[in-house]
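What you see is a predicted model, and the numbers here were worked out from it, not measured in a lab. Any value given below was found using the heavy atoms of this structure, including those in side chains, with hydrogens, waters and symmetry copies removed. Throughout, numbering of the chain's residues begins at 1 and tracks the sequence.
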Amino acid sequence: MAISNVMTKSLVSANSAMKQIKAQQGIKKQMEGKVGVLKAEIKQDSGRGGDTSKKEEELSTVEKKATDIGNMQMDQMAELNKNMNEASKADAEEQRKAEKLEEQRERKRAERREQLEELQEKIAESTVSVDGAEVTVVSAPDTKTGEVHLDEVIAPTSASEVKTAITGSVTMDTKV
């Protein structure tokens, strides 16, 4: 089963979104590292009795940014999941339509085969009159090539000679 255009586009979009999420994850890890450094510096500075207010503000800002990035990633993952589910449903619908179309085509092919068989049966035993002779046409496949050819059995109604003119590549056995 082939992947539909809908699913292909969704996969390309998902790949792009995942790259963006991974880049954000790298930035978030850097911020979390900075949070750890700031906490250690604040602890060290407060142990010495120094002013930690600027580092605490910076810590608060960095923690908020890291949290915001985490929330943004979660939202993007939820959106990605939703889009993939929608694409999966659209893909399934497209596959059903393709299967239904193929079933219709197969029914038409079967109808054509049936019509051809009926026509071949009609041709196989048709009798016509040619210059006063009864001609019976019998259709049978060639044993070597498998192609259908016509054998004609001529039973003249009078003792007159039957002349036959053939054009094309038809094999004919004539019995008088």
Side-chain angles (χ1 to χ4, degrees), residues 1-48 50-126 139-150 168-170:
M1 192 177 282
I3 295 178
S4 69
N5 289 338
V6 172
M7 188 55 79
T8 302
K9 289 177 183 174
S10 284
L11 290 173
V12 169
S13 176
N15 185 42
S16 176
M18 287 304 296
K19 286 179 181 177
Q20 185 177 12
I21 290 169
K22 284 181 181 180
Q24 290 171 345
Q25 184 66 27
I27 293 169
K28 183 180 175 198
K29 282 186 179 186
Q30 285 177 344
M31 288 184 177
E32 288 171 348
K34 190 171 185 175
V35 165
V37 169
L38 286 172
K39 284 182 178 180
E41 287 178 0
I42 290 171
K43 185 177 180 182
Q44 190 177 29
D45 289 350
S46 66
R48 291 185 205 157
D51 183 24
T52 59
S53 60
K54 286 187 180 183
K55 287 185 181 180
E56 287 176 1
E57 283 180 35
E58 186 179 357
L59 174 64
S60 176
T61 303
V62 173
E63 284 179 326
K64 183 178 179 342
K65 285 181 182 179
T67 302
D68 289 347
I69 288 175
N71 291 337
M72 188 176 6
Q73 286 178 308
M74 295 302 285
D75 291 344
Q76 286 176 324
M77 292 295 285
E79 183 70 22
L80 177 64
N81 190 36
K82 178 183 151 207
N83 290 343
M84 289 303 292
N85 286 336
E86 289 173 1
S88 178
K89 289 176 185 175
D91 182 60
E93 181 63 28
E94 195 171 303
Q95 293 291 341
R96 279 192 293 275
K97 286 179 182 178
E99 288 171 3
K100 194 179 255 187
L101 184 61
E102 184 56 33
E103 287 174 7
Q104 290 173 345
R105 288 178 182 154
E106 185 55 40
R107 278 196 300 273
K108 285 185 180 183
R109 284 190 288 264
E111 287 173 9
R112 285 189 209 124
R113 282 191 299 270
E114 189 177 308
Q115 289 171 350
L116 179 61
E117 288 172 5
E118 288 174 7
L119 184 59
Q120 285 177 338
E121 286 176 15
K122 287 179 183 177
I123 290 172
E125 296 187 12
S126 62
S139 174
D142 185 290
T143 56
K144 292 180 185 174
T145 64
E147 294 179 13
V148 174
H149 69 279
L150 300 178
S169 61
V170 176

Chemist: Go through the structure and list residues passing salt bridge (Lys or Arg N to Asp or Glu O under 4.0 Å) with Glu41, not counting sequence neighbours.
Modeler: Lys55

Chemist: For residues 79-88, pull every pair meeting side chain to side chain donor-acceptor pair (under 3.5 Å), keeping only residues two or more places apart or in separate chains.
Modeler: none

Chemist: With sequence neighbours excluded, what pairs up with Glu32 under the salt bridge (Lys or Arg N to Asp or Glu O under 4.0 Å) test?
Modeler: Lys28

Chemist: Anything under 3.5 Å between a donor and an acceptor, one on a side chain of residues 68-77, the other on a protein residue two or more places apart or in another chain? List them.
Modeler:
unit_1 : atom_1 : unit_2 : atom_2 : d
Asp68  : OD2    : Lys64  : NZ     : 3.1
Asn71  : ND2    : Thr67  : O      : 3.4
Gln73  : NE2    : Ile21  : O      : 3.0
Gln73  : NE2    : Gln25  : OE1    : 3.0

Chemist: For Glu102, which of Lys97, Arg107, Lys108, Arg109 qualifies under salt bridge (Lys or Arg N to Asp or Glu O under 4.0 Å)?
Modeler: Arg109

Chemist: Can you list the residues that meet the salt bridge (Lys or Arg N to Asp or Glu O under 4.0 Å) rule with Glu114, with sequence neighbours excluded?
Modeler: none

Chemist: Taking side chain to side chain donor-acceptor pair (under 3.5 Å) as the test, write out the residues that go with Glu56, two or more places apart.
Modeler: Thr52

Chemist: Sort and list the pairs that fulfil salt bridge (charged side-chain N to carboxylate O under 4.0 Å, His left out) and have at least one residue in residues 17-27, not counting sequence neighbours.
Modeler: none

Chemist: With sequence neighbours excluded, tell me which residues meet side chain to side chain donor-acceptor pair (under 3.5 Å) with Lys34.
Modeler: Glu58

Chemist: With sequence neighbours excluded, tell me which residues meet salt bridge (Lys or Arg N to Asp or Glu O under 4.0 Å) with Glu93.
Modeler: Arg96

Chemist: Going by side-chain contact (heavy atoms from CB on, under 4.5 Å), name the residues that satisfy it together with Lys54, two or more places apart in sequence or in a different chain.
Modeler: none

Chemist: Rounded to the nearest 0.5 Å, what's the gap from OG on Ser53 to CG on Leu59? Could you check?
Modeler: 12.5 Å

Chemist: Distance from Gln115 atom CD to Glu111 atom CD, nearest 0.5 Å?
Modeler: 6.5 Å

Chemist: Test: side chain to side chain donor-acceptor pair (under 3.5 Å). Region: residues 7-16. Which pairs qualify, not counting sequence neighbours?
Modeler: none

Chemist: Atom CE of Met31 and atom OG1 of Thr61: how far apart are they, to the nearest 0.5 Å?
Modeler: 10.0 Å

Chemist: So, using side chain to side chain donor-acceptor pair (under 3.5 Å) as the criterion, who are the partners of Arg105 when residues are at least two apart?
Modeler: none

Chemist: Give, for atom CD of Gln95 and atom CG of Asp91, the distance between the pair rounded to the nearest 0.5 Å.
Modeler: 5.0 Å

